[in-house]
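Values in this document were obtained by computation on a predicted structure and should not be read as measured data.
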Amino acid sequence: MTLAQQIDLSAISDVTPEGSDYETVRRVIEMLTLDYQSQPSLETMAVRLGQSPSQLQKTFTRWAGLSPKAFLQAVTLDHAKRLLGREGMPLLETSIELGLSGPGRLHDLFVTHEAMSPGEWKAKGAGLTIRYGFFPSPFGLALVMATDRGLAGLAFADPGGEAACFDDMAERWPAANFVADQAATAPYAARVFDPAKWCGDQPLKVVLIGTDFQVRVWESLLEIPLGKAVTYSDIAARIGQPTASRAVGAAVGRNPISFVVPCHRALGKSGALTGYHWGLTRKRAMLGWEAGKLGG
């Protein structure tokens, strides 16, 4: 029996909105990805979705503050290259210098973090109680996991993938005690996905549970401001291991607190999105949503 089969997922249907905006956005992103050469028009996409062009326009504006056309521009390779900073400058330093004094940091989610000790990590969660709950989010169903020290996990699932999502996360700490607790985890979901609650005087507490190397990579990700991006090789250089790009990529992929620890802002050298543990469509959605928060 898997860990997911041992939990009660009945509450999911109570918090998952029918026909959510993200479902529409997800289908549009997939259309644009599959038909990249022809780039279907707003009218064509609306017909495929069974909506009017004005309905589709309103959905995107409500979801991200962007029109479908502006959203498309926000997830193109050219935009990704702009996110990476100016040519000829160290990209991570550029993003930090520009972000800390620029609009990106002003709009960002403020986070304070601590890391569990190597001994606690080796115990694989033994003696640790992790409370969890599923909540609707701008990027599909979100699985929120928290300890008494702060947010420890944030993952995403498409409809029907809830059990596999939980199993993926729970197997990272197989000895932990998992407790379904919507009430305890709801405040985290509310904070993370509502930019109006991203305030510096009350930073979000997170706890990083991983190896020493993974934690260093995740701490580096926390330095990337909204509206900026870095490459895996930049992160490797930043943590003092410039030849460890591949290992950095693996650590980024194992980030347990997606979106909050913004692994979606890590790109390939060319600006290509490369991989994302919860799917490239979701990574594109996150980057486009963030572009909308900065005014496109």
Side-chain angles (χ1 to χ4, degrees), residues 2-12 14-16 108-137 139-157 162-223 251-263 277-278:
T2 65
L3 286 167
Q5 290 171 324
Q6 300 174 40
I7 66 170
D8 179 12
L9 298 176
S10 61
I12 294 174
D14 295 332
V15 299
T16 306
D108 219 339
L109 173 63
F110 287 84
V111 172
T112 180
H113 73 279
E114 65 172 291
M116 287 200 168
S117 69
E120 289 174 306
W121 159 246
K122 289 178 182 177
K124 300 298 181 185
L128 189 66
T129 294
I130 299 179
R131 302 183 183 278
Y132 69 88
F134 288 88
F135 300 89
S137 84
F139 315 111
L141 195 64
L143 169 59
V144 177
M145 292 180 153
T147 72
D148 57 2
R149 293 157 69 174
L151 181 68
L154 182 59
F156 297 94
E162 298 89 353
C165 175
F166 177 87
D167 219 25
D168 183 310
M169 295 295 290
E171 287 176 349
R172 301 169 191 236
W173 314 295
N177 176 39
F178 292 93
V179 178
D181 194 333
Q182 293 289 116
T185 48
Y188 289 103
R191 283 284 305 280
V192 168
F193 300 117
D194 183 359
K197 297 179 180 178
W198 294 359
C199 49
D201 58 342
Q202 292 182 318
L204 179 71
K205 294 181 180 179
V206 305
V207 57
L208 303 176
I209 309 174
T211 67
D212 178 66
F213 180 82
Q214 288 174 332
V215 168
R216 287 161 60 201
V217 170
W218 301 337
E219 287 175 335
S220 185
L221 291 172
L222 282 170
E223 296 178 327
V252 168
R254 293 295 291 173
N255 167 31
I257 315 178
S258 297
F259 186 69
V260 171
V261 178
C263 52
H277 191 76
W278 306 111

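In this structure, Glu219 has no salt bridge (charged side-chain N to carboxylate O under 4.0 Å, His left out) partners at least two apart in sequence or on a different chain. Checked against salt bridge (charged side-chain N to carboxylate O under 4.0 Å, His left out), Arg149 has the following partners two or more places apart in sequence or in another chain: Glu114, Glu120. Checked against side-chain hydrogen bond (donor to acceptor under 3.5 Å, both in side chains), Thr147 has no partners two or more places apart in sequence or in another chain. Contacts of Tyr188 classified as ring-ring contact (aromatic ring centres under 6.0 Å, His included), with partners at least two apart in sequence or in another chain: none.
The minimum heavy-atom distance linking Pro256 with Ala152 is given by the pair CB-O, 3.9 Å. For Pro187 against Ala183, the heavy-atom pair with the smallest separation is CD-O, 3.2 Å. The minimum heavy-atom distance linking Pro136 with Leu141 is given by the pair N-CD1, 4.2 Å. In terms of heavy-atom proximity, Cys165 sits nearest to Ala155 at SG-CB, 3.6 Å. Residues Pro203 and Arg191 share a closest heavy-atom pair of C-NH2, 3.6 Å.
Results of the side-chain contact (heavy atoms from CB on, under 4.5 Å) test with Trp278 over Phe139, Phe259, Phe156 single out Phe156 as the only residue that passes. Of the options Val252, Val260, Ile257, a side-chain contact (heavy atoms from CB on, under 4.5 Å) to Leu221 is made by Val252 and by none of the others. Each of Leu154, Leu151, Val144 was checked for a side-chain contact (heavy atoms from CB on, under 4.5 Å) with Thr185, and the lone residue meeting it is Val144.
Legend: salt bridge (Lys or Arg N to Asp or Glu O under 4.0 Å) pairs involving residues 123-137, not counting sequence neighbours, sorted by first then second residue: Arg131-Asp181.
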Just do the side chain to side chain contact (heavy atoms under 4.5 Å, CB included) check on Trp173 and Met116 with the steps written out, would you?
CA-CA 12 Å; Trp173 314 295; Met116 287 200 168; over 6 Å; no

Check against ring pair (Phe, Tyr, Trp, His ring centres under 6.0 Å), Phe178 and Phe166
CA-CA 10 Å; Phe178 292 93; Phe166 177 87; 5.5 Å; yes

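Of the possible polar contacts, one joining the Trp218 side chain to the Ala251 backbone as a donor-acceptor pair under 3.5 Å is found.
In this structure, Glu223 and Ser220 have side chains that are in contact, with non-hydrogen atoms separated by less than 4.5 Å. Taking the side chain as every heavy atom from C-beta outward, Asp168 and His277 approach each other to under 4.5 Å.
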Side-chain donor-acceptor distances from residues 205-214 under 3.5 Å, at least two apart:
residue	atom	partner	partner atom	Å
Thr211	OG1	Gln214	N	3.1
Gln214	OE1	Thr211	N	3.0

